[in-house]
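The structure presented is a predicted model; accordingly, all values stated were derived computationally and were not measured. First listed ligand is number 1; within each ligand, the first listed atom is number 1.
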Amino acid sequence: MAKNIFDAIVIGSGISGGWAAKELCEHGLKTLVLERGKDVVHLKDYPTATKNPWDFTHRGTMPYEVEKANPVVARCYAFNEATQHFFVKDTEHPYIQEKPFDWIRGYQVGGKSLLWARQTQRWGHYDFEGPARDGFAIDWPIRYKDLAPWYSYVEKFAGISGNKDGLDTLPDGEFLPPWELNCVEKEMQRKIMSGYKDRHVIIGRCAHLTKPQEIHIQQGRTQCRARTMCDRGCPFGGYFSSNSSTIPWAQKTGNLTLQPDSVVHSVIYNEGLGKATGVRVIDAKTKKASEYYAKIIFINAACLNTNLILLNSTSNRFSNGLGNDNGLLGKYIAFHNYRGTLFAGYDGHEDKYYYGRRPTQPMMPNFRNVQKQEMDFLRGYTVHFSAGRYAPESNVDGDQIGGVYKDAICEPGGWYVSMMMQGETIPKESNHVRLSSDKKDEWGIPQLITSVGYDENDERLLKDFLSQGEEMLSTAGCINISKRDSKQAPGLDIHEMGGVRMGNDPKTSLLNKWNQMHACKNVFVTDGACMVSTATQNPSLTFMAITARAADHAVSELKKGNL
Ligand SMILES: Cc1cc2nc3c(=O)[nH]c(=O)nc-3n(C[C@H](O)[C@H](O)[C@H](O)COP(=O)(O)OP(=O)(O)OC[C@H]3O[C@@H](n4cnc5c(N)ncnc54)[C@H](O)[C@@H]3O)c2cc1C
């Protein structure tokens with residue numbers, strides 16, 4: 001038993017778990033990270049990272065049979081022949097969709113940090129104040145000023161590229177040099193910003209090392225080569241992942257025990273002590289059960305799996321799941337509305353080109369309902385867009401042959417513009433997850449039932465984006481504008497949040513302002529499950545900052561003997 005005792009246990013080694021591990025290990029805590037998936041060692045376990053298209057049997061695309069067998073994960077834009085080994089296949093880990101929900105997962109050391117698109121924006125004060133001002137969900141127990149120093153802290157270590165834009169809707173951070181807009185994007189920026197005083201076009205902020213600093217070199221990471229093959233794993237450590245950054249850093253302290261293939265079944269609660277004492281684990285391969293013990297437990301299994309673990313952690317004291325005195329565990333799940341996209345052409349600039357690739361794109365922070373409620377829907381949306389040139393084949397009109405054909409494919413095609421939304425959704429009690437009473441997975445753990453859907457607010461917000469997007473593209477000089485509602489299911493945004501929300505009142509929330517469970521103070525939840533609302537920003541930078549802040553608090557409480 002002694003070898004199973006640690007100071008801290010972290011469940012999951014993805015973006016938030018990696019940060020918990022780094023912080024706790026650096027503070028001298030003997031920390032066990034339990035990861036349900038296989039080990040993925042930086043550099044060694046990126047089998048496709050340097051392959052060319054012709055090195056793949058199907059030139060990178062997935063065979064039809066694989067897509068047919070895995071309809072959920074196949075809908076994710078990043079799932080292909082070069083990345084498939086980092087994604088969970090549908091059949092391997094079933095769940096029950098009461099309403100359609102595309103649950104995209106990465107079960108391995110590093111979790112989805114290997115796969116993410118690395119867009120990283122801070123939340124601002126409008127976002128934390130949103131629920132209280134607009135009367136939905138509950139009030140956040142923290143404000144931007146509470147998290148601002150922690151954003152700075154994680155940004156410096158992770159390496160975030162961006163421009164200091166000076167916007168109160170999207171606070172600036174500790175930036176490495178920004179990527180550049182291309183000539184068409186610059187022209188669109190000028191036209192949109194002179195056409196709309198409340199709209200700002202900026203370059204997307206992203207977790208890439210455009211100019212590595214000493215702290216990144218110490219991590220063994222080097223400059224981003226803009227290969228944009230990131231989701232295969234980056235041998236340069238050019239983008240932030242747990243594998244290239246937080247996990248090896250934690251390992252260097254000598255305090256980390258990283259244990260892959262360890263499926264956490266539930267948290268053990270000791271009624272006499274009034275706290276959690278450890279976790280039950282099923283070996284992913286042998287299915288053997290074991291237990292591990294620690295003074296504090298960080299649950300970072302990613303939003304829905306964190307909900308699942310807590311719902312499955314039942315005891316005499318907590319018959320409906322750990323800390324679930326108010327019955328709200330698993331409820332108020334929210335996500336981002338990505339349904340709207342637009343596409344257009346752009347005349348001119350045909351004598352100009354852009355060189356190389358770029359791992360980000362221009363964006364427009366939310367401009368709806370910012371200062372006050374103005375629209376017939378709550379909250380708003382971030383807009384991402386980019387301009388590029390069609391492939392040379394687009395110059396061929398069908399019956400060209402010989403020299404004419406060769407000349408045509410030696411020139412890039414004309415310019416196109418694509419635009420997408422990232423809309424805030426309103427957390428509702430009815431959008432929930434719960435455990436199946438009869439269906440279990442291979443490891444004897446109840447399957448998760450997802451019951452999460454869109455509502456009227458989402459439809460109105462989508463309608464507004466499509467009409468505003470069309471108007472802005474037209475103002476920017478685009479031609480042949482087309483609009484689309486993908487009608488994609490929730491989940492495909494891969495920004496699921498909520499179910500174990502923070503709050504000041506234990507009657508309406510599960511966690512306090514330090515991410516400790518109200519009813520079980522030595523359990524911390526710092527992944528997307530803790531979120532009260534979703535804002536319109538990509539969420540992972542906020543998960544990192546919240547995790548570092550909570551870990552700091554956990555260590556100080558531990559030192560004071562309060563845990
Ligand atoms: C294609 C793609 C693009 C994305 N783009 C962006 C973006 O641009 N910006 C952004 O902010 N976010 C983006 N995301 C989302 C981002 O990846 C997640 O928000 C982030 O990874 C969440 O961190 P996490 O630690 O909560 O979960 P994860 O990184 O998923 O890590 C969770 C870990 O827990 C493990 N685990 C789960 N259950 C158990 C268990 N029972 N026992 C033990 N271990 C367990 C998992 O195997 C996994 O390793 C994207 C995601 C994808 C897939």
Candidates Arg36, Lys285, Lys38 - the one meeting salt bridge (charged side-chain N to carboxylate O under 4.0 Å, His left out) with Asp261: Lys285

Donor + acceptor pair across side chains of Gln422, Asn538 (<3.5 Å): yes

Arg221: partners by side-chain hydrogen bond (donor to acceptor under 3.5 Å, both in side chains), with sequence neighbours left out: Gln219

Contacts of type side chain to side chain contact (heavy atoms under 4.5 Å, CB included), residue Asp552, not counting sequence neighbours: His27, Trp150

Parallel, tilted or perpendicular, as decided by the 30° and 60° cut-offs, for the rings of Phe298 and Phe524: parallel

Partners passing side-chain hydrogen bond (donor to acceptor under 3.5 Å, both in side chains) against Ser152 (at least two apart in sequence or in another chain): Arg122, Glu174

Residue contacts for ligand 1, heavy atom to ligand atom, distance under 4.0 Å: Ile11, Gly12, Ser13, Gly14, Ile15, Ser16, Gly17, Leu34, Glu35, Arg36, Tyr77, Ala78, Gly106, Tyr107, Gln108, Gly111, Lys112, Ser113, Leu115, Trp116, Ala117, Arg118, Gln119, Ser262, Val263, Val264, Asn300, Ala301, Ala302, Asn305, Ile309, Ile494, His495, Asp527, Asn538, Pro539, Ser540, Phe543

